[in-house]
Amino acid sequence: MESREYPLEKVRNFGIIAHIDAGKTTTSERVLYYTGQSHKIGEVHDGETTTDWMVQERERGITITAAAITCFWNPTYMGEKDTTKKVRFNVIDTPGHIDFTIEVKRSLRVLDGAVVVFDGVAGVEPQSETNWRYADEGNVPRVCYVNKLDRMGASFDKSYQSILDRLTKKAVRIQYPIGTEENFSAIIDLMRMKAFSFEGEMGKQVVEKEIPAEYLEKAQSLRAEMVEKIVETNEEMMTAYLDGKEFTLEELKATLRKAVIKNELFPVMCGSSLKNKGVQLVLDAVVDFLPSPLDIPKPKGIDPATGDALEREVSDKAPLSALAFKLQADPFVGQLTFVRVYSGVLESGSYVYNSTKDKKERVGRIMLMQADKREEVKTLSAGEIGAIVGLKDTITSDTLCDENNPIILEKIVIPESVISMRIEPKTKADQEKMGTALSRLTTEDPTLRVSTDPETLETIIAGMGELHLDIIIDRMKREFNVEANTGKPQVAYKETIQGSSEAEGKHVKQSGGRGQYGHVKIRMKPLDRSVNVEDLPKNVKRSEGFEFINSIKGGAIPQEYIPAVEKGFKEAMDRGVSAGYKMTDISIELYDGSFHEVDSSEIAFKLAAIEAFQEAAKRAKPVILEPMMKVEVVIPDKFYGDITGNLSSKRGQIEGMDDRGLNKAIKAIVPLSEMFGYATSLRSMTEGRGNFTMEFAHYEVVPSNIAAQIAEHKK
């Protein structure tokens with residue numbers, strides 16, 4: 001289907017985001033069903049879903065990769081016949097588990113809006129807060145959907161209150177449920193002041209009714225509150241409202257749309273996806289309130305040659321610019337590269353320029369994805385999302401553009417990995433396959449990092465959590481037939497310094513023939529992150545966690561040897577002086593040295609730099625850093641004392657506690673090293689009724705007694 005049947009204002013790129021188990025995938029399955037993309041609904045608990053298509057997802061009943069779906073929607077109120085109102089949706093169903101948080105991050109980077117799903121029993125949960133924060137960082141407009149209102153203990157009012165208390169005061173109810181728990185039967189639309197029930201097979205018929213008499217008073221007071229919140233975002237309307245003016249449905253919708261796009265209001269809706277109530281109205285809200293590609297700020301980037309800031313018009317006529325946001329191995333067509341086209345038109349068979357890598361790439365075929373099924377198209381136009389087959393060098397966060405109008409779009413920020421594991425092939429035959437498998441998996445998943453231990457030459461994989469590494473090992477076995485032995489998960493410690501020091505390094509060798517001579521003097525201090533990169537003087541270079549200051553005057557060291565010195569420092573940072581972990585946040589000034597006309601060489605200066613670095617680091621109060629995790633434990637009240645005591649014994653700092661329905665939720669910051677196997681011990685301490693979530697918070701200095709144990713263990 002040629003896309004420009006759908007002008008840009010009729011396109012919506014949005015994601016479905018939520019905490020694990022709030023019902024995102026169930027909601028996505030309903031979206032596919034009601035938009036006519038699938039003829040039967042797959043359920044998560046049966047392992048039959050469309051968007052969770054990986055074996056591992058179906059077995060565990062969770063989402064691991066973000067699935068992209070293209071579908072078309074006729075708003076409910078327009079009736080089936082009026083196809084002029086049809087809108088094209090590009091939907092991404094994202095994972096809720098913190099270990100796959102990169103999927104949410106990169107999806108939000110290319111989406112214009114999001115539907116945030118909440119569990120009607122639990123309300124706002126930890127991952128809801130994390131995803132909300134990511135959406136705030138990206139200024140992504142959102143509508144909220146409180147799901148599972150048919151469940152025991154569900155409460156729309158409590159869930160709405162938790163959104164106000166824990167996420168934003170800018171939430172506004174535009175619906176209200178009729179009936180609670182198993183009696184939940186219909187939804188009141190506060191804008192139209194009508195009730196809607198969902199009848200026929202799978203709730204496909206949306207039937208408009210009058211609001212039941214016993215709900216009328218409540219609906220009127222909620223409508224008044226809603227109208228007030230909407231008009232507060234527009235001064236003229238506010239004045240008219242205070243003069244007693246009544247507004248039409250169109251006026252309210254137009255004002256709310258503007259407020260949603262500016263992130264001034266977040267409409268809250270209700271329903272139960274599993275019981276087929278409310279999803280169609282959420283889709284209508286996507287059309288009514290979430291932005292089209294024309295409503296969002298123009299895509300920004302930089303000129304690869306000059307570094308100057310650039311903008312692009314969102315139009316088919318503008319030069320091509322597109323961002324690759326995800327790679328996926330497909331068993332039938334090979335590597336798929338998911339792209340969001342921001343401007344211009346991407347054509348199959350054409351050549352495009354990868355400005356990030358400075359390489360030309362040929363676009364093979366272009367696919368519109370219906371989760372794991374696909375439809376081939378000739379072009380992808382501005383504002384659309386699709387997948388390309390045939391790109392060789394493009395990875396996540398690369399920009400594809402017109403070679404005559406190069407631009408590098410803003411990159412996707414990749415979170416740090418906090419846990420690592422040794423891995424070795426079981427047999428010689430597995431050895432080669434393992435290398436191929438890991439290189440494929442790292443291109444797909446930027447949070448998976450693979451390295452080699454310089455001493456033991458073992459392969460080490462690092463990721464976001466135990467589940468993340470489990471899934472990687474499982475995928476290697478199933479998709480690549482690689483059998484591997486794994487070590488115990490290890491914490492990704494780091495090292496840094498807390499003091500300043502000076503040192504010199506001299507590498508001199510005189511043994512017949514040409515000698516070697518390199519001599520450097522350096523000052524070392526902790527890196528000051530409060531100074532902006534833009535404000536640094538010309539002689540200062542800063543990369544991730546490392547700053548190099550070249551203060552050589554009068555040619556004490558010739559210019560051609562300076563890069564070798566910098567390289568030596570970087571190599572030395574890979575192996576810290578306390579326990580051999582990677583060092584970070586260090587600033588080194590090269591201020592003096594000497595050279596020999598004949599015997600000096602790059603290798604001599606590099607070795608001198610390594611020697612000076614190690615000497616300076618030993619004198620600069622070196623310390624070990626450990627990853628600290630934000631942990632939230634949800635337990636029945638009676639276990640509160642036991643669990644807080646247990647967390648404290650794990651060097652945890654309890655940060656607070658709140659009520660979560662009938663349970664208590666304890667928040668704490670705990671070192672990752674103390675959290676291995678916590679799921680099992682929590683179950684045994686709470687008769688199987690406790691659960692917890694954790695995510696990376698920050699790095700912190702390890703207490704000296706534990707640092708000594710870590711260093712001892714590493715030897």
Side-chain angles (χ1 to χ4, degrees), residues 8 11-19 24 63 65-68 89-98 100-118 124 126-145 163 166-168 170-171 257-267 285-286 289-302 309-312 314 321-326 338-343 356 382-385 396-399 407-416 446-447 464 695-696:
L8 277 169
V11 174
R12 298 286 181 276
N13 298 313
F14 68 97
I16 298 180
I17 60 174
H19 182 87
K24 287 178 311 306
T63 304
T65 60
F89 285 166
N90 296 310
V91 195
I92 297 186
D93 169 34
T94 62
H97 198 288
I98 189 66
F100 310 106
T101 190
I102 179 65
E103 292 286 347
V104 182
K105 259 199 138 142
R106 61 180 169 191
S107 301
L108 284 174
R109 169 66 182 81
V110 295
L111 293 169
D112 306 330
V115 174
V116 189
V117 184
F118 298 94
V124 173
Q127 191 64 31
S128 328
E129 293 183 59
T130 306
N131 290 340
W132 195 270
R133 193 173 70 242
Y134 290 159
D136 277 344
E137 285 166 13
N139 277 329
V140 177
R142 281 145 273 174
V143 299
C144 303
Y145 169 54
I163 294 171
R166 297 173 63 182
L167 298 180
T168 177
K170 298 173 185 170
R257 177 180 178 79
K258 280 186 188 137
V260 170
I261 289 170
K262 285 192 200 149
N263 280 309
E264 288 172 356
L265 282 178
F266 302 102
V286 167
F289 307 124
L290 289 184
S292 76
L294 294 173
D295 298 316
I296 56 166
K298 289 178 183 170
K300 292 179 175 53
I302 56 164
L310 293 174
E311 271 188 352
R312 281 280 186 266
V314 180
S321 68
L323 185 75
F325 66 94
K326 176 180 165 64
F338 283 84
V339 293
R340 158 79 192 257
V341 180
Y342 282 97
S343 61
T356 318
E384 294 183 353
I385 290 174
T396 297
S397 213
D398 283 0
T399 300
I407 183 171
I408 295 179
L409 296 167
E410 285 176 6
K411 285 191 155 37
I412 298 166
V413 182
I414 312 292
E416 290 201 46
T447 55
M464 303 300 294
E695 66 171 302
F696 173 67

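Heads up: numbering here begins at 1 and tracks the sequence. Because the structure is a prediction, the values reported are computed rather than measured.
R257 places a side-chain N or O within donor-acceptor distance of the main-chain N or O of L290, the cut-off being under 3.5 Å. Side chain of D398 to backbone of A324: no donor-acceptor contact under 3.5 angstrom is found. A distance-only check finds a donor-acceptor pair linking the side chain of T356 to the backbone of T399 [under 3.5 Å].
Proximity of I407 to Y342: side-chain heavy atoms (C-beta onward) are nowhere separated by under 4.5 Å. Side-chain contact between D112 and P293 is present, with heavy atoms from C-beta onward closer than 4.5 Å. Residues Y145 and V116 have side chains not in contact (no heavy-atom distance under 4.5 Å, counting atoms from C-beta outward). Looking at P141 and N263, their side chains come closer than 4.5 Å, going by heavy atoms from C-beta outward. The shortest side-chain heavy-atom distance between F325 and I385 falls under the 4.5 Å cut-off.
The distance from the CG atom of L265 to the OG1 atom of T168 is 8.5 Å, given to the nearest 0.5 Å. In this structure, CG in N13 is found 8.0 Å from CD1 in I296, a value given to the nearest 0.5 Å. Rounded to the nearest 0.5 angstrom, W132 CH2 and R142 CZ are separated by 5.0 Å.
With F338 as the aromatic partner, R340 does not meet the cation-pi criteria of under 6.0 angstrom to the ring centre and within 45 degrees of the ring axis.
Every residue meeting the salt bridge (Lys or Arg N to Asp or Glu O under 4.0 Å) condition with K298, not counting sequence neighbours, appears here in chain and number order: E313. Residues forming a salt bridge (Lys or Arg N to Asp or Glu O under 4.0 Å) with R12 (at least two apart in sequence, or on another chain): none.
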